[in-house]
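Worksheet: one structure, shown below.
Lettering follows sequence order; numbering is per chain, from 1.
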Amino acid sequence: MKDEAIYRRLFRTALLIRLVEERIIELYPSDKIQSPVHLSIGQEAVAVGVCDGLQPDDLVFATYRSHGFYIAKGGSLDAMFAELYGRKGGVSGGKAGSMHLAAPEVGLMGSSAVVASTIPHAVGAALSFKRRGASQIAVAVFGDGATEEGVYHESLNFAALMKVPVLFLCEDNGLAVHSHRPVRQSYRLAEHAASFGIASRRLEEGWDMLAIRQATLEAAARVRAGEPFVLEIVTSRYKEHVGVGEDFHFNYRSSDSVDAWKRRDPLIVDQKLAAALRPDIEREIEAAVAFAEASPAPGHAELLTDVI
Amino acid sequence: MSIAAVKPAQGTRVLSYAGALLETMDAALADHANVFIMGQGVDDFKGIFGSTTGLAEKYGAARVFDVPLMEEGMTGVAIGASLVGDYPITTHIRADFSFLAMNQIINLASKYRYMFGGLMRCPMLIRIVVGRSWGQGAQHSQSPQATFAHYPGLTVIMPSSSQAILDMYPAIINRHPGPVISIEHRLLYNLDFTVAPSEKRVPLTSYVARKGSDVTVVATSVMVLEALRAAQYVEDQTGISAEVIDLNSISHPDWNLVTASVARTGRLVVADTSWLEYGVAAEVCRQLVMRDPGLLRQPPTMLGMAPAPCPTAKSLEDIYYPSQHETVDAILTQVKGDKHGIALPVERSMTEGYKRFRGPF
Ligand SMILES: Cc1ncc(C[n+]2csc(CCOP(=O)(O)OP(=O)(O)O)c2C)c(N)n1
Ligand SMILES: [Mg+2]
């Protein structure tokens, strides 16, 4: 029963993310959103399960694919749509767009479009937490491809040496743009982490929000006690790497694995709950879209502010 | 109006920028067994915006291959292969990602020949693409010609047309003695240009893209097209004749060409794709002033990105980059003063124009 209530809460946030992104897909041809979008459709459970397993003051450092984390961390929907529209009411006044969502007031500490570049930021925040004796933890969110960059290895090494409270969270969708993981990686993340003395876990059931939440709670407890941890969650990107379409017709991947994933995707399987929650969520989204539409565009007065 | 110094006569054809890149990449692989291409996505169906599509199939995975996310490592690998006689071509789909390879490019590649007194050489071609428009934002839009050209040992070019690619790439690949950074522009990729067989004997230099007598416009990359359009508009409206110089070779321009032009016109506009501060615009002025501080009849006009990171919102992006308006206004202001009173073109944003742009140059 308790689980049931948690499931409903997680499900609602995941459905909100999906419907937000489906709304973005609808709006996109109108050219109202003139910003590259990296959709998280298929991967919502990760953001939702992880953020629910964190404390509100734990900090998340994210990537260009962060609509999900922004919403799951509690970022304002109005400010998000206005940001995508490039309006003054946007969370960053239109200067960020989809790729650089941030909401420090709820612990989303920015997202970067340079792969792997925010991983050491999480380590740095964790270093500060440790120095101050704070009970917060920092979470570095990144894709499987990001682990190939040198800075990932440097970050793990430093985090292990300094024993800082950082959770390395890998969203493994098996793809970096159109390249499959086996042609890019000769290592396994767990073994690699172990070579630094960092414990890890790989969760194959990346559609299961409760399992992800539980794994995060357990990992976060260890991290809070002062050891870095690598949590790898297998997931599935339904849409193209960037943009609002599908990409199966390019034949670089088959739709089979995505179809198999969809058969387990609670947002698709649990039609009844989705139908029950949908009207309320849609109202919320329409209000956010209306807010964005009404928000004025930035101009000369804003161009050169916040530079230094 | 021709973008090439040599007027294309017979034997011309229409070729897109991406098409010219693909042709030169193909020819490099066909002509030189030691050439290979590596970069993220070079072998996928998008093929770096169509500039490497099909080459992996044609030449095999040993010659054209995808790499993990490893910008610094890849560049170091390229240096190593080059040191033992291969000619690597590497790609970054955004110039911004080459910043992860700065250590290898600047501390190693640019220095190897000199630092070892000529014992070592690492010729290679690094292709990087500048993004612009559709909310590329702060990290997908940078244009680092000034950064790279600052370092002795690097050769930096900015091809502004298909002809520039056909002229320069075959002369660079396996022939140029050192590392070359070619800064390509995403907005140019889908444009068609009229090209002629290359006749340039010294392609890595600057050239006159349009002859004129009243004002000199020195431009780079996509701003060359912007300057050519503006010059045409101004001539049509007022008869003012603007000379447009494509700097083309950023690290080694033809300063005599620039100086001679300004000596004739006494008026200067610089139109660059990057920031003005410590950039191409500043260097053009330095070169002129060092030769003859009296060359200019009045202060020059400089067009570049606003001094801020690139904003994502369209309304900000539109005023962040110099528009057709500003380019025309700059030329008119140089010749007639800022109260010129001549109507500016309707089009504000260049990108709008480029969607319809098609030759004849
Ligand atoms: C340093 C850097 N290199 C290359 C790119 C181009 N790029 C953007 S996303 C991406 C793939 C990253 O894959 P992954 O980390 O698995 O994240 P995913 O997109 O799958 O969520 C690449 C190569 C980039 N943005 N930054
Ligand atoms: Mg991935």
Heavy-atom pair count under 4.5 Å with chain B, highest-scoring of [options]:
{"options": "A/S35, A/G97, A/A96", "answer": "A/S35"}
{"options": "A/V115, A/L84, A/L304", "answer": "A/L304"}
{"options": "A/H100, A/E302, A/Q185", "answer": "A/H100"}
{"options": "A/E149, A/R184, A/K95", "answer": "A/E149"}
{"options": "A/G90, A/P298, A/G94", "answer": "A/P298"}
{"options": "A/A113, A/G86, A/S98, A/A116", "answer": "A/A113"}

Is a side-chain donor-acceptor pair under 3.5 Å present for [Y] with [X]?
{"X": "A/S111", "Y": "A/S66", "value": "no"}
{"X": "A/S112", "Y": "B/Q139", "value": "yes"}
{"X": "B/T273", "Y": "B/Q145", "value": "yes"}
{"X": "B/Q136", "Y": "B/R186", "value": "no"}

Quiz prompt | SB check A/D31 B/K314 (cutoff 4.0 Å) | solution = no

Quiz item: Got a salt bridge between A/D247 and A/R237, using NZ or NE/NH1/NH2 to carboxylate O under 4.0 Å?
Solution: yes

Quiz item: Taking non-hydrogen atoms and a cut-off under 4.5 angstrom, which of residues 51-82 of chain B neighbour chain A?
Solution: B/D66, B/P68, B/L69, B/M70, B/E71

Exercise. Would you please test A/Y238 and A/E246 for side chain to side chain donor-acceptor pair (under 3.5 Å) and show each step?
Key: CA-CA 7 Å; A/Y238 293 179; A/E246 295 199 330; over 6 Å; no

Practice problem: Could you give me the CA-CA distance, side-chain angles and deciding distance for B/Y320 and B/C310, then say whether side-chain contact (heavy atoms from CB on, under 4.5 Å) is met? | Solution: CA-CA 7 Å; B/Y320 178 77; B/C310 180; 3.7 Å; yes

Self-check item: Ring centres under 6.0 angstrom apart (A/H153, A/F196)
Solution: no

Proximity breakdown for [X] and chain B, heavy-atom pairs closer than 4.5 Å:
{"X": "A/Y252", "value": "side chain"}
{"X": "A/I33", "value": "backbone"}
{"X": "A/S92", "value": "neither"}

Quiz item: After noting the C-alpha distance and the side-chain angles of A/E293 and A/K32, does the key distance pass the salt bridge (charged side-chain N to carboxylate O under 4.0 Å, His left out) rule?
Solution: CA-CA 9 Å; A/E293 298 261 356; A/K32 285 179 174 169; 3.0 Å; yes

Quiz item: Relative to chain A, which segment of B/D96 carries a heavy atom at a distance below 4.5 Å: side chain, backbone, both, or neither?
Solution: neither

Quiz item: If you take all heavy atoms of B/V280 and B/A146, which pair is closest and at what distance?
Solution: N-CB, 4.4 Å

Quiz item: Would one find more than 12 heavy atoms of other residues, nucleotides or ligands at under 6.0 Å from atom OH of B/Y278?
Solution: no

Self-check item: Contacts of residues 169-182 of chain A with chain B (heavy atom under 4.5 Å)
Solution: A/A176, A/H178, A/S179

Exercise. Could you check if a side-chain atom of A/V20 sits within less than 4.5 angstrom of a side-chain atom of A/H67, using non-hydrogen atoms only?
Key: no

Exercise. Quickly, which of B/L187, B/L188, B/I183, B/V130 forms a side-chain contact (heavy atoms from CB on, under 4.5 Å) with B/S221? Name it, please.
Key: B/L188

